[in-house]
There are 2 protein chains.
Amino acid sequence: MKVVDFTETTPALCCTPLLQVTLDEDQAAELADVLKALADPVRLRLVSLIATAADGEICTCDLPALVGRSQPTVSHHLSILVKAGLLEREQRGKWAWFALRRDRLAQVSDILVNPG
Amino acid sequence: MKVVDFTETTPALCCTPLLQVTLDEDQAAELADVLKALADPVRLRLVSLIATAADGEICTCDLPALVGRSQPTVSHHLSILVKAGLLEREQRGKWAWFALRRDRLAQVSDILVNPG
DNA sequence: CCTTCATATTGACATCTTTCGAAATGTTCC
DNA sequence: GGAACATTTCGAAAGATGTCAATATGAAGG
């Protein structure tokens with residue numbers, strides 16, 4: 001069960017084979033939700049921008065220009081990533097800062113890794 | 001460039017950090033296409049069924065019953081997975097057999113892995 | 001070639017997604 | 001509290017997606 005439970009908070013080990021267990025419908029739906037959150041060009045760019053930012057976090061204020069989308073659209077995409085547990089949001093004064101949850105990305109990654 | 005080019009055929013090393021490079025629009029669109037192919041519950045179940053099958057491959061004939069979808073729907077999902085490079089199709093007599101391209105799954109997985 | 005069985009394609013429909021402008025909410029500072 | 005700015009929510013339009021029944025295509029064996 002552990003191998004398909006990617007909702008746990010402890011980071012999974014790297015290269016743990018995961019698709020050796022057939023996913024049931026609930027597990028598949030849960031994993032699909034996280035992958036859907038990642039499976040959009042704008043959201044991937046947001047994630048990579050945050051991942052490569054100086055301190056692993058970034059202020060929303062610059063993002064609309066960086067991804068070429070309106071501010072409401074960027075807000076929408078960020079909320080999807082937060083809801084999927086892939087980003088963390090922190091309010092600092094007027095601005096909102098977003099940080100990547102690398103442990104969560106690693107969990108998704110592990111599920112896809114094939115047995116070594 | 002290598003770190004974001006997941007279309008190459010050689011399997012990427014496990015745990016190579018990948019999101020240290022900001023994706024441009026083309027790279028993001030390309031990666032999103034592969035993730036979209038995975039981001040569906042039925043397709044995830046198909047992938048996991050094939051991954052856990054006896055010889056790493058499975059005959060289409062049983063799949064509609066296993067995932068609870070009609071034959072055309074399963075055929076549709078399989079073609080999406082093949083087009084994304086995640087499955088390989090082989091015709092054997094009347095039946096079509098599908099095998100998982102684990103190298104390709106590993107590439108996608110690596111892109112999501114954070115630096116160790 | 002003609003039948004039979006396996007798979008793919010087509011057409012149609014309902015649902016979900018992406019996107020933006022406009023309006024609402026939240027936060028700071030005076 | 002009110003002005004100013006940042007962010008979210010709302011409403012709507014255009015497009016993409018999942019699904020199945022019906023039909024077409026492909027392969028095997030007489």
Side-chain angles (χ1 to χ4, degrees), chain A residues 23 25-26 28-50 53 57-99, chain B residues 23 25-26 28-50 53 57-99:
Chain A
L23 302 172
E25 292 200 30
D26 288 344
E30 199 176 341
L31 177 53
D33 282 342
V34 182
L35 289 172
K36 263 183 222 162
L38 281 172
D40 176 89
V42 172
R43 290 196 288 272
L44 281 175
R45 294 204 66 210
L46 290 170
V47 166
S48 72
L49 280 166
I50 295 171
E57 57 183 9
I58 205 168
C59 171
T60 314
C61 44
D62 301 320
L63 291 177
L66 287 171
V67 299
R69 293 297 188 287
S70 73
Q71 183 271 320
T73 296
V74 169
S75 173
H76 169 66
H77 286 305
L78 288 171
S79 80
I80 287 176
L81 289 168
V82 169
K83 191 177 298 179
L86 294 166
L87 292 185
E88 260 173 9
R89 190 201 129 113
E90 191 191 354
Q91 186 84 24
R92 293 189 202 157
K94 277 195 253 190
W95 294 275
W97 289 72
F98 289 86
Chain B
L23 302 171
E25 293 199 29
D26 288 343
E30 200 175 342
L31 177 53
D33 282 341
V34 182
L35 288 172
K36 262 184 225 163
L38 282 172
D40 176 90
V42 173
R43 291 197 288 274
L44 281 175
R45 294 203 67 211
L46 290 171
V47 165
S48 71
L49 282 167
I50 295 171
E57 56 183 9
I58 206 168
C59 173
T60 313
C61 43
D62 301 321
L63 291 177
L66 287 171
V67 300
R69 293 296 188 286
S70 73
Q71 178 271 319
T73 297
V74 169
S75 173
H76 169 65
H77 286 305
L78 288 171
S79 81
I80 287 176
L81 289 167
V82 169
K83 191 178 296 179
L86 293 165
L87 293 185
E88 260 174 10
R89 192 201 127 110
E90 191 190 354
Q91 186 83 25
R92 293 188 201 160
K94 278 196 250 190
W95 293 275
W97 290 73
F98 288 85

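Every chain is numbered from 1, with letters handed out A, B, ... down the list of sequences.
- Counting heavy atoms from C-beta on, the side chains of B/Glu57 and B/Arg92 come closer than 4.5 Å.
- Of the possible donor and acceptor atoms, none in the side chain of A/Arg89 sits under 3.5 Å from a partner among the backbone N and O of A/Ala96.
- Inter-residue side-chain proximity for A/Glu30 and A/Asp33 is flagged as unmet; no heavy-atom pair is nearer than 4.5 Å.
- Side-chain N/O atoms of B/Gln71 and base N/O atoms of C/dA8 include a donor-acceptor pair closer than 3.5 Å.
- Contact check, A/Arg89 against D/dT8: a side-chain N or O comes under 4.0 Å of OP1 or OP2.
- Residue A/Arg69 places at least one side-chain N or O closer than 4.0 Å to OP1 or OP2 of C/dT19.
- Residue B/Ser70 has no polar side-chain atom (N or O) positioned under 4.0 Å from OP1 or OP2 of D/dT19.
- A 6.0 Å sphere centred on CD of B/Glu25 holds no more than 12 heavy atoms belonging to other residues, nucleotides or ligands.
- In this structure, B/Trp97 and A/Thr73 both approach DNA chain C, and ranking their closest nucleotides by distance from the 5' end singles out B/Trp97.
- Residue A/Ser75 places no side-chain N or O under 4.0 Å from the OP1 or OP2 atom of D/dT7.
- For A/Cys59, the listed nucleotide lying nearest its side chain is D/dT7; candidates were D/dT19, C/dT19, D/dT7.
- In this structure, the nucleotide among C/dG21, D/dT7, C/dT19 sitting nearest to the side chain of A/Cys61 is D/dT7.
- Side-chain nitrogen and oxygen atoms of B/His77 include at least one within less than 4.0 Å of the OP1 or OP2 phosphate oxygen of D/dT19.
- A/Arg43 comes within 4.0 angstrom of sugar-phosphate atoms only, judged by non-hydrogen atoms across all strands, and of no base.
- In this structure, the nucleotide among C/dC5, D/dT7, D/dA22 sitting nearest to the side chain of B/Pro72 is D/dA22.
- Across all strands shown, A/Thr60 has heavy atoms under 4.0 Å from sugar-phosphate atoms exclusively, and none from any base.
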